[in-house]
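Numbers restart at 1 for each chain; the letters A, B, ... are given by sequence-line order, proteins then strands.
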Amino acid sequence: MGCMTDTIEKRTFLRAPRGKVWRAISDSKQFGTWFGVAFDAPFTAGASLRGTITDPPGYSHLVFEIAVVALEPERYFAYRWHPYAIDPNVDYSNEPTTLVEFELAESDGGCQLTIRETGFDKIPEARRAEARRMNDAGWSEQAQRIEKYLASS
Amino acid sequence: MFAALGDPTRLAVVLRLCADGPQSIAQLSDGAHVTRQAITKHLTALADAGLVRDSRHGRERIFELEPRRLAAARSWIDQISLEWDEAIERLRRFVED
């Protein structure tokens, strides 16, 4: 059984030019398109942005913040955010954040993408319990709806 | 709870309890590269975090994992992990069209 809990790491091969994938990740507008969020500013190193959930519809009251840590063209993008910070009545600003990193590498016929989120071991237990409640309330169901919506559009 | 798993020795103890089931401190110390006192300290930290529990068998204390607590920790990470999988598939459709 896996007992590592601090890090999530995903590696995937994307059949698309590296430049195109880079724009999809580093341009806040494009990022928002596939992630389902509208950001109020472009991603620039050191910037703090506010994002509003656009997809699924009906969640636009949920605003979250991300702080851009680094942008290295066509190679590396990193930001910090509060994982699962989706309760509009809670102020998350004093809680620890997780670091999300995107790494791109050239590969035959496309590019290799690594996404890594670290820092979960610093997140308070109360928040994890809340996240589980959110999940029980149908968050994963919403995610499946997004899948279906995008697959049919 | 996550911090309780952050130390490599502590994680090794948990992995050993995962793999071999309930054990005494003597058994856990056997073959470990740290002292019995260190193992005891780590077990205490894990017990405080609710990740292991102990019971007395005669003069020995036997430690075992608290599987529900561990599963709860996993399910939160698993959920976020699943959402990344879904986000990646949306990204794939976005860039591969």
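For Arg53(B), the CZ atom sits in a packed shell: over 12 heavy atoms of surrounding residues, nucleotides or ligands are nearer than 6.0 Å.
With a 4.5 angstrom heavy-atom cutoff, Phe13(A) touches chain B only via backbone atoms. For a residue to count as touching a neighbouring chain, one of its non-hydrogen atoms must lie under 4.5 Å from one of that chain's; by this rule Glu9(A) does not touch chain B.
Atom CZ of residue Arg116(A) and atom CZ of residue Arg11(A) lie 7.0 Å apart, to the nearest 0.5 angstrom.
A donor-acceptor pair is defined here as one N or O able to donate and one able to accept, closer than 3.5 Å; no such pair exists between the side chain of Thr98(A) and the backbone of Phe120(A).
The residues Asp20(B) and Arg16(B) are annotated as salt-bridged, a charged nitrogen and a carboxylate oxygen being separated by less than 4.0 angstrom.
Counting only heavy atoms from C-beta outward, the side chains of Thr44(A) and Val68(A) never approach each other to under 4.5 Å. Side chains of Arg75(A) and Leu104(A) form no contact here, defined as non-hydrogen atoms less than 4.5 Å apart. In this structure, Phe43(A) and Leu49(A) have side chains that are in contact, with non-hydrogen atoms separated by less than 4.5 Å.
Of all residues in residues 14-22 of chain A, those placing a non-hydrogen atom less than 4.5 angstrom from a non-hydrogen atom of chain B are Leu14(A), Arg15(A), Ala16(A), Lys20(A), Val21(A).
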